[in-house]
Amino acid sequence: MESKKLVLVDGNSIAFRAFYAMYTVLEKFKSPDGLHTNAIYAFNNMLDLILSKSHPTDMLVAFDAGKVTFRNQLYDDYKGNRLKTPDEFREQLPFIKQLLAARGIKTYELENYEADDIIGTIATRANKENYQTVIVTGDRDLTQLVNDNTTVAVTIKGVTDLEFYTPQHFQEKLGITPQQLIDLKGLMGDNSDNYPGVTKVGEKTALKLLKQYGSMENLYDHVEDMKASKLKEHLIQDREQAFLSKKLATIKTDAPIDLQISELTYEGIQTEPLKQFYQKMNFQSFLKKMTTGEEDTATTAEDNIKYIELNADTVNQLVSSKQPAVVVVEMVHDNYHTAPIIGLACGNDQGIFVSDNLDILQDKSLKNWLSDAQINKSVFDFKRTYVALNRQQISLAGVDFDALLASYLLDVNENSNDLGQLAQAYGYQNLTPDNQFYGTGAKLSIPPHSELLQHLAAKVGAIQFLQNKLPLQLQEHDQDQLFDDIELPLSKVLAEMEIAGITVSRTTLEQMEQDLDQRLRDLETTIYQYAGHEFNINSPQQLSTVLFEELGLKPIKKNKRGYSTSVDVLEKLQGQSPIIAEILNYRQVAKIQSTYVLGLMNSIAPDQKVHTRYQQTLTQTGRLSSVDPNLQNIPARDEGREIRKAFVPRHADWEIFSSDYSQIELRVLAHISGDQNMQQAFAENYDIHAHTAMRIFGLDNIDQVTPDMRRQAKATNFGIVYGISDYGLSQNIGISRKQAAEFIAAYFEQYPDVKNYMDQTVQKAREEGYVETIMHRRRYLPDIHSRNYHIRSFAERTAMNTPIQGSAADIIKIAMIDMQQKLKDEHLQATMLLQVHDELIFEAPKAEIPILEQLVPKIMDSAVKLDVPLKVESAHGPNWFDAKG
DNA sequence: ATGTTCACG
DNA sequence: ACGTACGTGAACATC
């Protein structure tokens with residue numbers, strides 16, 4: 001007999017997962033009549049996956065019928081802590097049912113029962129008729145139904161990443177049988193369904209008890225024999241509660257369902273209705289898949305785009321128009337300071353003009369057109385385009401839209417930095433992503449002439465498409481100012497800083513290299529002597545063998561591969577063996593040598609400068625990052641600081657000048673929380689850490705604060721900014737967790753509105769799905785809804801930290817734009833070279849230093865108006881090392 | 001390709 | 001009951 005295969009889907013649970021899996025694109029997925037479609041889309045993806053994987057003969061999607069079920073009669077507060085489901089989700093449910101109808105899949109719901117019970121009942125009936133059953137759900141509770149004929153697929157991440165529970169897998173994972181799951185839930189309760197279990201019994205304890213006693217019934221039969229303990233008391237105390245919880249956890253297998261298995265036959269799609277449905281939802285990719293019958297191989301169609309080859313004959317047609325245009329400068333490699341340009345594409349009302357012959361860039365009329373500020377232009381990645389054209393002595397002007405910057409502001413997760421991917425995410429299907437078009441790594445190659453030109457033309461098409469979508473969304477997010485007045489102007493400032501570059505003295509580095517090399521040899525010799533043999537000190541694995549096996553030291557911390565040998569571990573081992581100090585020293589010196597001395601030398605350009613690239617569309621908070629090389633993590637403390645001596649001005653008789661914001665993040669916190677006590681401390685220019693110490697230690701006078709108190713208060717201030725936890729603080733300053741908790745409580749008592757800010761921000765993230773900076777920079781935090789404590793807590797700390805870190809980033813960005821303008825207006829030779837989060841670094845003729853000492857702090861102070869003053873400190877010297885106050 | 005360690009704010 | 005400080009990039013070893 002041919003075996004029958006049944007798929008049962010937990011409709012509400014999967015739909016809910018689908019909604020949050022695509023939460024960040026909520027506003028991008030809308031049907032023409034304004035309906036949100038993200039959950040419908042993701043749900044459909046899941047259906048495609050499960051159908052292609054399981055090939056069912058029969059299928060049913062079960063839904064919850066309403067809020068109240070028989071479980072509420074057993075226990076009033078069942079699911080009592082559930083938040084109201086968002087409207088954007090609820091409006092999609094009826095359409096998911098429509099989708100299922102068009103796909104020929106039965107749905108079912110039943111008054112008074114949950115979808116679980118429908119599934120449990122049908123699965124049980126199917127077992128009797130020799131079906132192979134697969135249950136798809138986001139709810140682990142359903143794994144109690146697992147048996148030899150029933151597999152449960154639980155979503156891990158999103159809705160297409162599934163974990164398949166068979167009896168074996170279940171056993172391996174939990175060490176009990178699927179049937180024991182209800183005993184487990186009875187003992188430990190369930191937070192998300194809001195029923196209690198036994199006090200102080202969690203998963204670990206419950207599993208231990210079940211492995212010993214087998215079932216709750218047997219456990220309670222023998223509970224009196226247990227030796228006296230808190231656990232025993234709790235078990236006895238909560239007996240009734242535990243059995244109630246077990247009952248709540250038990251899925252019905254005999255619900256009164258008037259549906260025969262024979263009615264569940266999967267009929268396959270109803271072509272016309274499904275097509276119409278996709279059209280109504282604007283699901284272009286699903287439509288395409290239907291009509292072409294192709295699988296999901298990026299079915300782009302670049303040849304839909306018409307273009308004209310750009311050459312001496314056609315260039316006049318392009319530049320004759322003053323109409324808005326799109327400009328694309330193509331380079332395959334990341335580093336646009338050095339990458340060869342392989343193509344150019346320009347589009348306007350005259351058509352799309354494309355060339356892979358770079359001689360055209362020497363054309364006078366084209367150059368003038370590109371640098372004409374009166375002609376509005378759109379690009380993807382202004383900074384990259386500007387720097388590349390600058391290498392051809394062309395000063396690109398008139399750019400008023402950058403699709404890369406816009407997409408980043410709309411959603412900081414959208415940082416693939418690829419136009420094709422971005423355009424596809426917004427529904428434009430005519431551009432192949434670059435990694436696919438050119439290949440990656442060893443397979444990277446440039447396709448032949450005509451294909452390349454077609455690809456460039458498609459890029460112009462994609463930018464034109466995005467230009468019609470993204471500005472409206474920026475407006476909806478209230479991000480016009482952030483885009484027009486901050487990110488786009490900043491992009492040019494950064495380009496100029498990168499092009500300027502900072503001079504690095506090769507001879508200084510070579511000298512350091514010699515010295516460090518000798519020291520490394522000496523340290524190696526000593527370490528080998530202590531160890532008794534040679535080994536690779538850089539290998540954590542080999543080092544841990546030497547320390548923890550051969551020398552018999554006690555491991556402190558584990559990591560995935562074995563025992564940790566990180567600094568904090570080694571510091572705790574100090575004194576137990578003389579080898580430790582030598583290793584710590586070796587690590588430090590080796591780091592300086594390999595990353596900074598040798599690494600930096602490798603990135604010095606022929607002009608003796610290093611030209612970093614600032615990533616403007618990468619971080620989740622709005623900060624910049626710096627790559628190739630990273631000039632934002634040059635050592636600033638201890639011995640490594642010496643490296644800064646190699647960073648020098650480009651002319652003799654010039655100096656390096658540096659200004660930094662003092663405690664900008666705490667000042668931002670004082671501002672946005674509105675906390676009067678903290679604001680007053682800044683208004684009076686108190687030593688903020690000492691002042692905090694005085695408050696949390698309950699002292700009357702700041703003179704009573706000891707250095708150690710100040711140190712602890714300082715760490716607490718930092719902790720607050722990071723979204724504090726008692727554990728984190730205790731680790732950082734080496735106190736007990738309880739003490740740390742007391743610190744935090746005292747802190748919040750002294751700064752009550754800081755506490756309010758933290759609570760409100762987390763609440764806002766839950767309600768709106770995102771948090772914002774003072775300039776409306778936005779970060780979505782879908783994990784704030786996670787059922788996983790760890791993931792959720794992380795999102796909560798992020799919610800607290802991001803507005804603080806991100807607003808500080810906003811402020812220095814404004815200061816940079818103002819500063820660059822001021823340098824120009826005042827005709828100063830001084831050049832802004834680097835930004836290190838709260839610090840700006842310049843080079844300038846000595847004669848201009850007194851001017852900068854006035855000007856830079858003034859501009860930085862007045863970048864924004866906060867309820868607390870900003871404070872800027874400056875220093876200067878013959879190199880970066882000496883330009884430190 | 002991924003994890004560990006360590007440099008910065 | 002559980003396991004964490006927030007944001008980055010580079011070198012190196014190991015998979």
Side-chain angles (χ1 to χ4, degrees), chain A residues 187-189 191 197-207 412 441 536-544 557 559-570 584 587-588 590-600 602-603 612-615 618-641 643-644 660-661 663-665 715-716 718-733 737 740 744 779 788-806 808-809 812 834-839:
Chain A
L187 290 170
M188 68 182 273
N191 246 333
V198 177
T199 313
K200 290 282 170 192
V201 173
E203 189 175 330
K204 287 281 156 71
T205 315
L207 281 172
V412 292
N536 184 350
I537 308 168
N538 283 322
S539 160
Q541 207 174 61
Q542 294 182 35
L543 180 61
S544 95
K557 212 168 62 179
N559 58 35
K560 282 192 181 160
R561 291 205 219 279
Y563 295 120
S564 169
T565 64
S566 62
V567 174
D568 55 318
V569 170
L570 295 185
L584 282 168
R587 280 252 179 95
Q588 196 186 16
K591 176 89 179 175
I592 297 167
Q593 178 79 307
S594 68
T595 305
Y596 296 104
V597 177
L598 296 173
L600 204 54
N602 282 330
S603 37
T612 185
R613 276 156 30 233
Y614 289 103
Q615 306 268 126
L618 183 142
T619 69
Q620 301 288 300
T621 54
R623 275 189 175 186
L624 302 174
S625 85
S626 158
V627 291
D628 209 7
N630 181 355
L631 295 182
Q632 290 182 321
N633 74 344
I634 302 299
R637 296 178 274 268
D638 305 327
E639 216 194 305
R641 215 188 122 190
I643 285 283
R644 296 186 171 217
D660 68 284
Y661 283 113
Q663 291 127 12
I664 187 164
E665 293 189 345
T716 310
F718 274 107
I720 293 286
V721 168
Y722 293 153
I724 197 125
S725 75
D726 50 8
Y727 181 87
L729 182 64
S730 73
Q731 288 298 299
N732 197 287
I733 50 178
R737 190 173 163 162
I744 294 166
R779 180 178 186 176
N788 178 321
Y789 176 87
H790 175 52
I791 294 172
R792 188 174 63 248
S793 303
F794 188 75
E796 288 168 358
R797 291 197 295 273
T798 309
M800 299 185 249
N801 172 264
T802 295
I804 302 172
Q805 192 180 116
I812 195 165
L834 301 176
Q835 187 251 43
V836 192
H837 309 308
D838 62 358
E839 178 183 14

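Proteins come first, then strands; the chains are lettered A, B, ... in the order of their sequence lines, and each starts at number 1. All values reported here derive from a predicted model rather than from experimental measurement.
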Residue [X], side-chain heavy atoms: nucleotide from [options] that is nearest:
X	options	answer
A/Asn536	C/dG9, C/dA1, C/dA13	C/dA13
A/Arg637	B/dC8, C/dA13, C/dG7	B/dC8
A/Thr565	C/dA10, B/dT5, B/dC8	B/dT5
A/Gln805	B/dT5, B/dA7, B/dG9	B/dG9
A/Pro540	B/dA7, B/dT4, B/dG9	B/dT4
A/His790	C/dC6, C/dT4, C/dA1	C/dT4

Quick one: label [X] by what it contacts on the DNA or RNA (base, sugar-phosphate, nothing), any heavy atom closer than 4.0 Å.
X	result
A/Gln620	sugar-phosphate
A/Gln541	sugar-phosphate
A/Gly723	nothing
A/Ser566	sugar-phosphate
A/Arg779	sugar-phosphate
A/Ala795	nothing
A/Asn538	sugar-phosphate
A/Tyr789	base
A/Asn633	base
A/Leu729	base
A/Val721	nothing
A/Leu618	sugar-phosphate

Let me know the distance between [atom1] of [X] and [atom2] of [N], rounded to the nearest Å.
X	N	atom1	atom2	answer
A/Asn801	C/dT8	CG	C1'	12 Å
A/Arg587	C/dA13	CZ	C1'	12 Å
A/Phe718	B/dC8	CZ	C1'	12 Å
A/Tyr563	B/dT5	OH	P	14 Å
A/Glu665	B/dC8	CD	C1'	13 Å
A/Gln615	C/dG7	CD	P	17 Å
A/Glu796	C/dC6	CD	P	12 Å
A/Gln593	B/dA7	CD	P	14 Å

For nucleotides [N] and [M], find the distance between their [atom1] atoms and express it as a whole number of Å.
N	M	atom1	answer
B/dA7	C/dC2	C1'	31 Å
C/dT4	B/dG3	P	14 Å
B/dC8	C/dG3	C1'	26 Å

Does A/Arg623 pair with A/Glu665 as a salt bridge, N-O distance under 4.0 Å?
->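 A/Glu665 and A/Arg623: salt-bridged.
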Presence of [X] side-chain N/O under 4.0 Å of [N] phosphate oxygens OP1/OP2:
X	N	answer
A/Thr802	C/dC6	no
A/Lys204	C/dC2	yes
A/Thr595	C/dG9	no
A/Ser625	C/dG9	yes

Between A/Gly728 and A/Ser626, just flag the one whose closest nucleotide in DNA chain C comes earlier from the 5' side.
->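 The residue closer to the strand's 5' end, by nearest nucleotide, is A/Gly728.
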Between A/Lys200 and A/Val627, which has a closest nucleotide on DNA chain C that is more 5'?
->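 Final value for this comparison: A/Lys200.
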For the side chain of [X] and the base of [N], is some donor closer than 3.5 Å to an acceptor across the two?
X	N	value
A/Gln632	B/dC8	no
A/Arg797	C/dT4	yes
A/Ser725	C/dT4	yes

[X] side-chain N/O to [Y] backbone N/O, donor-acceptor pair under 3.5 Å:
X	Y	answer
A/Thr802	A/Ala799	no
A/Gln632	A/Gln835	yes
A/Ser544	A/Gln541	yes
A/Asp638	A/Gly640	no

Check the surroundings of atom OH in A/Tyr563: do more than 12 heavy atoms from other residues, nucleotides or ligands lie under 6.0 Å from it?
->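 At most 12 heavy atoms, drawn from other residues, nucleotides or ligands, come within 6.0 Å of this atom.
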Do A/Arg587 and A/Thr565 have side-chain N/O donor and acceptor atoms under 3.5 Å apart?
->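 Yes.
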Under the criteria of a ring-centre distance below 5.5 Å and an interplanar angle below 30°, is A/Tyr727 stacked with the base of C/dT4?
->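 A/Tyr727 vs C/dT4: stacking yes.
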Check the pair A/Val627 / A/Gln615 against side chain to side chain contact (heavy atoms under 4.5 Å, CB included), numbers first and verdict last.
-> CA-CA 7 Å; A/Val627 291; A/Gln615 306 268 126; 3.5 Å; yes
Considering every strand shown, what is the Watson-Crick or G-U wobble mate of C/dG7 when both distances are under 3.5 Å?
->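 Checking every strand shown, C/dG7 finds its partner in B/dC8, with both distances under 3.5 Å.
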